[in-house]
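Since the structure comes first, as structure tokens, the remarks are kept for the end.
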Amino acid sequence: MTVTRFAPSPTGYLHIGGLRTALFSWLTAQHNKGEFLLRIEDTDMARNSEEAKDAILKAFEWVGMSHDGEVVYQSKRFDLYKKYIDQLLKEGKAYKCYMSKEELATLREEQMTKKERTRYDGRYRDFSGTPPEGVDPVIRIKAPQEGEIFFVDGVKGAISIAASEVDDFVIARADGAPTYNFVVAIDDALMGLTDVIRGDDHLYNTPKQIVVYNALGLDLPNFNHVAMINNEQGKKLSKRDGATDVMDYKAMGYLPEALLNFLVRLGWSHGDQEIFSIAEMIDLFDPKNINKSSSNYNLDKLLWLNAHYIKNMPNEKLAVLLKEYGVNVEGHDKVELLLDATKERGKTLVELAEQINLILSAPNEYDEKSSKKAFKGEAKTILADFVVMLQNWEGTLHLPCDYHSVMDKLVETKEIGFGKIGMPLRVSLLGSMTGSGLDEIMAILGVDETVSRIEKAIATL
RNA sequence: GGCCCCAUCGUCUAGCGGUUAGGAUCCAUGGUUUUCAUCCAUGUUACAGGAGUUCAAUUCUCCUUGGGGUCACCA
């Protein structure tokens with residue numbers, strides 16, 4: 001059975017790039033009817049935060065990616081890691097290193113001035129003398145000293161790194177707490193991971209983890225390293241490039257299905273297909289189609305996708321979502337009409353809410369440019385005549401086409417162009433020259449409200 | 001700097017030795033729409049450079065250049 005995982009460290013919000021690798025992992029599991037596990041990497045007690053962990057879980061909930069089984073917390077598994085550390089110590093595959101932090105810093109400085117790669121020099125690897133006083137030792141694992149560490153990456157292909165590049169790295173801190181590369185290998189193995197999908201910033205961690213797998217005699221999973229997402233200039237994505245917190249996208253009015261669709265096409269493709277429902281992604285996703293190269297982040301397509309998903313979303317669902325953006329249309333007797341008339345005009349739920357509010361609340365002021373253009377000439381008398389006609393026909397006005405026929409009639413009897421009534425009417429109802437169809441707006445408002453808004457406008461002329 | 005990875009329109013990408021190098025987005029233009037948006041149509045724009053291999057390279061190899069990643073008692 002395929003088992004994948006997402007393993008964030010709870011030091012901040014869920015990053016947009018993290019969501020993509022999580023999505024790739026989740027899709028791989030779903031596609032193979034396997035399991036997608038969630039593990040919180042909180043071995044660094046000093047940097048963890050409960051809020052960060054909750055924020056990450058919340059983001060997962062928002063996008064609708066559910067994990068299987070219980071969330072695994074590494075901080076609760078220290079006893080387990082301790083057991084493996086003791087085992088390696090006993091087998092001579094790991095050793096205590098009494099080098100102080102100061103000594104290590106000095107060594108590193110020397111290496112840097114000599115422009116060498118900074119690495120631990122192995123001075124305690126075969127140490128058997130009397131340990132220095134006052135130093136709590138760290139525990140280092142014995143990495144191979146020659147040869148190559150080789151593995152086949154699912155997206156990058158064959159990777160080989162010289163053993164000399166991997167030093168005897170620390171697996172347990174001076175306080176006894178295990179370190180990342182050690183526990184990742186153990187947990188991935190113990191949790192039954194078959195496919196590790198992660199950012200390629202972890203590529204160099206892989207040989208280290210392989211050292212752990214080998215020392216403990218564990219089976220290797222398939223590694224898949226996904227290239228990074230950079231900003232539009234190809235540089236590392238930072239807050240300055242816009243939102244990097246997944247939840248910011250919710251605040252900006254993006255739909256999770258749009259965000260996921262956008263993300264799945266960043267570094268992965270299925271021919272020319274652009275639109276993927278969640279079900280289609282699951283059906284078609286295969287990590288072997290993941291791109292080797294990094295991709296740049298550009299929100300144009302996300303906006304387009306979001307507009308697409310809003311346009312195609314059932315009104316009932318839209319009405320529910322809109323409540324989180326300050327618009328409650330659920331009680332309105334013309335909800336269907338209201339949403340049909342506005343949903344093609346908002347690329348985000350925030351914009352859609354604005355469009356709806358434009359109709360729902362009478363304009364407090366009239367856009368200067370629009371009113372100047374619309375409220376000129378005979379506008380006042382035309383609007384007054386229109387009000388009279390609306391009132392005369394009141395009982396028969398229900399559908400947009402009913403209102404349209406009144407406008408037709410007005411244009412006909414007064415022998416004027418459509419714009420003569422259209423423009424002033426639009427500004428009277430919405431306050432500006434842009435917006436949904438007049439027929440729909442009037443049908444949504446009803447005769448009373450329509451007349452009231454027109455009369456209010458007339459009063460200012 | 002050492003090591004590792006990468007390289008097709010501005011951006012996301014298709015391509016897997018022989019194509020008029022395709023799609024999407026963006027942008028521009030036209031049409032539909034009483035406005036705006038939607039929608040439809042059309043158009044501009046790409047194989048980083050240089051050597052090979054081959055009858056033939058965007059595609060394979062090498063070099064250069066450019067970009068990214070990584071070098072913790074962080075994850």
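Heavy atoms only: backbone and side chains are in, while hydrogens, waters and symmetry mates are out. The model shown is predicted, which means the values in this text are computed figures rather than measured ones. By convention in this document, chain letters (A, B, ...) are assigned in the order of the sequence lines, proteins followed by strands, and residues within each chain are numbered from 1.
Applying the salt bridge (charged side-chain N to carboxylate O under 4.0 Å, His left out) test to Arg198(A) and every residue at least two apart in sequence or in another chain returns nothing. Shown here are the ring pair (Phe, Tyr, Trp, His ring centres under 6.0 Å) partners of Tyr13(A), two or more places apart in sequence or in another chain: there are none.
Pairing partner, rC62(B): rG50(B), with both Watson-Crick or wobble hydrogen-bond distances short of 3.5 Å. Look at rC39(B): its Watson-Crick or wobble partner, with both distances under 3.5 angstrom, is rG31(B).
Legend: salt bridge (Lys or Arg N to Asp or Glu O under 4.0 Å) pairs involving residues 143-163 of chain A, not counting sequence neighbours, sorted by first then second residue: Lys156(A)-Asp200(A). For residues 258-273 of chain A, the set of pairs meeting the salt bridge (Lys or Arg N to Asp or Glu O under 4.0 Å) definition, not counting sequence neighbours, comprises Arg265(A)-Glu274(A).
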When you compare the protein's N or O atoms with those of nucleotides 70-73 of chain B, which come within less than 3.5 Å of each other, and at what distance?
from	atom 1	to	atom 2	distance (Å)
rC71(B)	O2'	Arg117(A)	NH1	3.4
rC71(B)	O2'	Thr118(A)	O	2.9
rC71(B)	O2'	Thr118(A)	OG1	3.3
rA72(B)	OP2	Arg108(A)	NE	3.4
rA72(B)	OP2	Thr118(A)	OG1	3.2
rC73(B)	OP1	Arg108(A)	NH2	3.4
rC73(B)	O2	Ala174(A)	N	3.0

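Regarding contacts with the backbone of rG68(B), a side-chain N or O of Lys235(A) is found under 4.0 angstrom from either OP1 or OP2. Residue Ser294(A) places no side-chain N or O under 4.0 Å from the OP1 or OP2 atom of rA7(B).
Rounded to whole Å, the P atom of rA48(B) lies 16 Å from the corresponding atom of rG66(B).
Residue contacts for Ile159(A): at a heavy-atom cut-off of 4.0 Å it reaches the sugar-phosphate backbone alone, with no base atom in range.
Centroid-to-centroid, the aromatic rings of His225(A) and Tyr204(A) stay 6.0 Å apart or farther. For an aromatic pair to be called close, the ring centres must be under 6.0 Å apart, and Phe78(A) with Tyr73(A) fails this. Taking the ring centroids of Phe6(A) and Phe60(A), they lie under the 6.0 Å cut-off.
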- prompt: What one-letter contact string describes nucleotides 18-30 of chain B from 5' to 3', where B marks a base within less than 4.0 Å of any protein heavy atom, S marks contact via sugar-phosphate atoms alone, and - marks no contact?
  reply: ----BBBSS----
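Geometrically, Arg140(A) does not engage Tyr95(A) in a cation-pi contact defined by less than 6.0 Å to the ring centre and at most 45° from the axis.
Across the protein-nucleic acid pair, Glu440(A) atom CD and rU38(B) atom P stand 17 Å apart, rounded to whole Å.
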